[in-house]
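Written out below as structure tokens is the structure these notes cover.
Along the sequence shown, residues carry numbers from 1. First listed ligand is number 1; within each ligand, the first listed atom is number 1.
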Amino acid sequence: MSEESILKKLADSILSFDEEVAKAAAQEALEAGVDPLKALEKGLKVGIDIVGDKFSRDELFLPHLLLAADALNAAVGVLEESIPREAAEKMRVGTIVIATVKDDIHDVGKNIVSALLSASGFEVHDLGKDVDVAMIVDKAVAVDADIIMASALMTTTMRRQRGIIEELEFKGIRGQFLVMVGGGPTTQEWSVEIGADGYGKNAADAVAVAKKLLEKK
Ligand code: B12
């Protein structure tokens, strides 16, 4: 089967709303030698984006979203296991605190970013989803993080990324941390607007930008 049809099968597997179908498609992609990150971005993500679009047009409803998310998570689990871990894992590249912001329970993308950062040698403290600004900042101080990363998937929650920067400024510690943002509605322009240090459009980009920021630091 061509790579194109494997990627299409991955996308379709999310639209099957069936975890087993999605896991099997992910396994097949790996066996065919498709790069796990490509399988994710050009396969699974295409499928979940179609689900999201149909949901916003009232062609699909919340139960579909939940089932599709379960299928996505199951397939991501299969792919994640085969992300190559960097050899110099003991040589920590930097310390990261990452979370999905308060009132936002979308965490599939954040989990992928977390996993890829760990695989790339970062020490990652993942606080989960629906996390309060104060908790994120306190953790960053406690572990002496280099970078705070915040994920937001909704237009209604992305302002909380700005909240992190405001909290750091309020405490007089903005200069101690780099701040990166990402997630569905966020953009490079948004990151500049709120005074963040970086933006990542996907997991590979998140790792690349984080490394670049640390080199400059
Ligand atoms: C799956 C899903 C859900 C699942 C989430 C399951 C889970 N555990 O995450 C469930 C069913 C729970 C859900 C619930 C809801 N959802 Co929803 N959901 C989605 C959907 C379809 C896909 C999200 C996803 O997982 N994408 C796949 C991942 C891999 O991509 P990603 O998250 O963008 O992450 C990548 C990049 O953005 C980046 N990245 C992500 N985070 C970060 C962080 C940093 C620092 C960096 C650098 C990079 C980075 O890297 C990732 C990997 O490439 C989206 C639509 C969409 N296309 O995004 C809607 C969507 C986000 N949901 C939406 C809505 C409205 C809701 C609900 C309010 C529905 C409801 N009526 O209850 C609730 C919200 C509950 C809440 N309080 O949070 C809307 C949001 C609209 C808006 N206001 O902006 C969307 C856009 C759907 C739509 N088109 O209407 N949802």
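Regarding atom 80 (C) of ligand 1, its nearest protein heavy-atom neighbour is M154 CG, 3.7 Å. The protein non-hydrogen atom at the shortest distance from atom 84 (O) of ligand 1 is T155 N, 2.9 Å. Looking at atom 26 (N) of ligand 1, its nearest protein heavy atom turns out to be I48 CG2, 3.8 Å. Nearest protein heavy-atom neighbour of atom 88 (C) of ligand 1: G52 O, 3.6 Å. Protein heavy atom closest to atom 70 (C) of ligand 1, with residue, atom name and distance, is L62 CD1, 3.9 Å. Nearest to atom 53 (O) of ligand 1 among the protein's heavy atoms is E41 OE2, 2.5 Å. The nearest protein atom to atom 37 (O) of ligand 1, hydrogens excluded, is given as G183 CA, 3.4 Å; this is a heavy-atom distance. With respect to atom 13 (C) of ligand 1, the closest heavy atom belonging to the protein is H106 NE2, 3.5 Å.
At a 4.0 Å cut-off, at least one heavy atom of D49 sits close enough to ligand 1 to count as contact.
Of the N or O atoms in Y199, none lie within a sub-3.5 Å distance of an N or O in ligand 1.
Aromatic rings from H64 and F17 are positioned such that their centres are separated by under 6.0 Å.
By the 4.5 Å heavy-atom criterion applied to side chains, L153 and T100 are not counted as neighbours. Side-chain contact between I98 and L127 is absent, with no heavy atoms from C-beta onward closer than 4.5 Å.
Side chains of S16 and S13: a donor-acceptor N/O pair is absent below 3.5 angstrom, by distance only.
The contact set between ligand 1 and L72, taken as ligand atoms under 4.0 Å from a residue heavy atom, comprises 25 (O), 27 (C). Near A203, the atoms of ligand 1 lying under 4.0 angstrom from a non-hydrogen atom of the residue are 50 (O), 52 (C), 53 (O). Annotation for ligand 1: atoms under 4.0 Å from non-hydrogen atoms of D104 are 78 (O).
Residue D103 holds the heavy atom nearest to atom 77 (N) of ligand 1 of all those in D103, D70, D53, V101.
At a heavy-atom distance under 4.0 Å, no atom of P185 approaches ligand 1. Using a 4.0 Å cut-off between heavy atoms, I112 contacts ligand 1 through its side chain alone, with no backbone atom that close.
Considering D132, T157, V133 in turn, D132 is the only one that fulfils the side chain to side chain contact (heavy atoms under 4.5 Å, CB included) rule with K102.
Looking only at distances, no side-chain donor or acceptor of R162 sits under 3.5 Å from a matching main-chain atom of I165.
At a distance under 4.0 Å, no protein heavy atom can be found next to atom 10 (C) of ligand 1. Shown here, atom 40 (C) of ligand 1 is in close reach of the protein: a heavy atom of it lies under 4.0 Å off.
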